[in-house]
Amino acid sequence: MENSGLNKTEEGDRIFFWPSEEIKQKACVNSSEVYDQAEKDPVAFWEDLASKGIAWFSKWEKAYEEKIPDFKWFIGAETNAAYNCLDRHLNDKGDKTALIWIPEIKEEEAKKYSYRQLYEEVNKAANVLKSLGVKKGDVVTIYLPMIPEIIISVLACARIGAVHSVVFSAYSAEALNTRLKDGGSEVMITSDGYYRKGKIEDLKKKANEGIQDTNVKKVLVVKRTGNETEITEKDLWWHEQLEKADNECEAVKMKSEDLLFLLYTSGTTGKPKGVMHDTGGYITQAYWTSKWDFDLHEDDVMWCTSDLGWVTGHSYVCYGPLLNGITTVLFEGLIDWPNPERPWEIIEEHKISVFYTAPTALRLMMSHGKEIPEKFGLESLRVLGSVGECIDQKTWLWYLNSVGKGKCPLIDTWWQTETGGTMINSLPGVGPFIPAWAGNSFPGTRHTIIDEEGNEVIKTGEQGYLVQKSPFAPGLLRGVWKNPERFKKTYWRNDKYYFSGDGAYRDDGGRFRIIGRLDDVLKVAGHRMSTGEMENVIDKHAAVNEAAVIGKPDELRGEVPVAFVITKGEIDDKERLEKELQDMIVKGIGPIAKLKGFYFVESLPKTRSGKIMRRILKSLIKGEEVGDISTLQNPESVEKLKEIIKG
Ligand code: WT7
């Protein structure tokens, strides 16, 4: 299909790209009227979307209720997320490909599942979970790599009303242990191993360690690599269990407000939070944000590169595409292994039409030179998306031109684990697409900017805290698992706003430009990490008195963590200590949290009340002016730090 491309206008120092008439004509949404209509009555708007997009077993008595920090959608209504992803499509698209799985190793063949096959696998897995005693409301932890069984497990849980808690497979045994303990799972699903750069990673070894001192009684083990690994009396082989299981399993009627999943994410303290997502609101939002953001049509093949361990994988690899009945791609490997041609080969071979990835991946692809994507036929691409961190203009333009050949709408989607689905971005048939600007709030949601006191900053261009206003989006988190206090304290301001933790400003079209986190949360290669969590690990070392971790700007990864460490007395072997601390980080969290620099210091800048001033450390590491330091407890520390950083 010829795609006539984008139109271009300029406004001040910004470039605006607009969808062509041709794109508009075919788009699900092609006029900004939808925003106005939604704004008039957001609740009625979502009610309409929920009726049209989701199959309900029974209707709601009331659409919305709110008493901050609690709010509810589609009260009393019943549905099931797996039913909506699978059963609904069986009649007219039972044979259509639901899932294409692409293994890391090229010699291994891609595997396709039709909607019917996926349905049957999910039913079998659901029956196995039931046979292990899993009931509605029980938390099942899924510690799997990017293999089809991760999607099958997620949907099997949803089918029987069990709450899935996916733990990223590259997280360490200790990180798994913390999440298992907090979630209280009695059943876990894992695999013997997986491939990473052609080598086998022994996932089972970490799983065995991770379940120590938890409630886990049974572990289902998928055979992925066939490596030798220790099998315990708790283990059951996935394939043996599924073989015996029936391929019919009734989908449990779930109240809209019943929990669908937990997903742990990093906050500002050391302990990860179990973000709670409900059923009806979440799937309504997953359905419509997928459809409208990526302009999904019947024959689309969507590749979202995120791991299922993150919310992006939940909403745009699994739920969103399957709810819409399109084909989703699950890729086991890394974007640049065994060579930088890999992503383009995949797009060409599988005729990907929607590509959704992160700036850090784009910067990596871009670093290999523009000749690489040029070698491939990428004309199947129709819509491009970015997520996870701020995308700079250079990367944005490269994505638009070298990947999309200047013809595909490029949407920069701002959202969070907590929001469940995208919240701020342009729509492909509406535009504009502006480098580094996310765009407007999704129809039916309202965002604004407040200052320290909680007043709305209305002036164009003025920076502040990005917040969401009532009525809160159907997919927004409903709580922090076992910690209502933390839910209230972290996310709600002035009994009025959902607090995102990000900074932003607006233009006079109400479009948002995101600045990034204003708290102690890092985004390293798009992964969310808590400096507190890393500090807790480092503090455990016998030679360490105190540590502060901050983010240092990095060309490829956005930012990387570096540590300032105060040791107990003199240390003789700095290199050894660095290595020990690094090992502790890998063991405590995982290789993604590896530190990219250590500064051994005598003191850290502190307020009179003893709080470490990270703002000053950040300025120092960037070589910026530190500003007024007269209120510090130890202003003299700053000069010394400057020397140490200079090296
Ligand atoms: C944080 C949430 C939501 C899916 C993946 C990340 C940052 C996310 C953007 C964007 C600038 C972004 C924010 C946010 N972020 N998307 N388009 N532009 N920043 O989910 O791990 O919960 O991280 O990612 O700082 O708060 P997450």
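As the structure is a prediction and not an experimental result, all values here were calculated from the model. When a ligand or atom number is given, it counts from 1 through the structure's own listing order.
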Peer 1: With heavy atoms only and a cut-off of under 4.0 Å, state how His527 meets ligand 1: side chain, backbone, both or neither.
Peer 2: neither
Peer 1: Nearest protein heavy-atom contact for atom 25 (O) of ligand 1: which residue, which atom, what distance?
Peer 2: Asp502 OD1, 2.7 Å
Peer 1: Which ligand 1 atoms, with their elements, are less than 4.0 angstrom from a heavy-atom of Cys390?
Peer 2: 11 (C), 18 (N), 19 (N)
Peer 1: Is there side-chain contact between Tyr498 and Val467, with at least one heavy-atom pair below 4.5 Å?
Peer 2: no
Peer 1: Which heavy atom of the protein is the closest neighbour of atom 6 (C) of ligand 1, given with residue, atom name and distance?
Peer 2: Lys523 NZ, 3.3 Å
Peer 1: Could an N or O of ligand 1 be found under 3.5 Å from any N or O of Ser386, whether backbone or side chain?
Peer 2: no
Peer 1: Looking at ligand 1, does Trp414 have a heavy atom less than 4.0 Å from it?
Peer 2: yes
Peer 1: What do you reckon, are the aromatic ring centroids of Tyr282 and Phe261 less than 6.0 Å apart?
Peer 2: yes
Peer 1: For ligand 1, is there an N or O atom under 3.5 Å from any N or O atom of Gly388?
Peer 2: yes
Peer 1: What protein heavy atom lies closest to atom 18 (N) of ligand 1? Include the residue and the distance to one decimal.
Peer 2: Glu389 O, 3.3 Å
Peer 1: For Arg517, counting its heavy atoms only, list the atoms of ligand 1 lying under 4.0 Å from any of them.
Peer 2: 25 (O), 26 (O)
Peer 1: With a 6.0 Å cut-off on ring centres, are Tyr316 and Trp310 close enough?
Peer 2: no
Peer 1: Check Thr419 against ligand 1 and report side chain, backbone, both or neither, counting heavy atoms closer than 4.0 Å.
Peer 2: neither
Peer 1: Using 30° and 60° as the class limits, which term best fits the ring planes of Phe487 and Tyr491: parallel, tilted or perpendicular?
Peer 2: tilted
Peer 1: Would you mind telling me if ligand 1 is within reach of the side chain of Thr312, the backbone, both or neither, using heavy atoms under 4.0 Å?
Peer 2: side chain
Peer 1: Within ligand 1, which atoms have a heavy atom of Val387 less than 4.0 Å away?
Peer 2: 4 (C), 5 (C)
Peer 1: For residues Phe294 and Tyr356, establish whether the separation of their ring centroids is below 6.0 Å.
Peer 2: yes
Peer 1: With the side chain counted from C-beta on, respond yes when Thr531 and Arg614 share a heavy-atom pair under 4.5 Å apart, and no when they do not.
Peer 2: yes
Peer 1: Report the part of Gln416 in contact with ligand 1, treating N, CA, C, O as backbone and CB onward as side chain, heavy atoms under 4.0 Å; options are side chain, backbone, both, neither.
Peer 2: both
Peer 1: Around atom 22 (O) of ligand 1, find the nearest protein heavy atom and jot down its residue, atom name and distance.
Peer 2: Thr417 OG1, 2.5 Å
Peer 1: May I ask you to list the atoms of ligand 1 that are less than 4.0 angstrom from any heavy atom of Ile514?
Peer 2: 11 (C), 19 (N)
Peer 1: Check whether any side-chain heavy atom of Tyr497 sits under 4.5 Å from a side-chain heavy atom of Phe472, and report yes or no.
Peer 2: no
Peer 1: Taking the side chain as everything from C-beta on, heavy atoms only, tell me whether Met365 gets closer than 4.5 Å to Pro373.
Peer 2: no
Peer 1: Looking at Phe499 versus Tyr465, is the centre-to-centre ring distance below 6.0 Å?
Peer 2: yes
Peer 1: Can you tell me which residue and heavy atom of the protein come closest to atom 3 (C) of ligand 1, and the distance to 0.1 Å?
Peer 2: Trp415 O, 3.1 Å
Peer 1: Is Glu418 salt-bridged to Arg528, going by a charged N under 4.0 Å from an acidic O?
Peer 2: yes
Peer 1: Return yes or no for this condition: an N or O of Ser500 is under 3.5 Å from an N or O of ligand 1.
Peer 2: no
Peer 1: Could you tell me if the side chain of His164 sits less than 4.5 Å from the side chain of His314, heavy atoms only?
Peer 2: yes
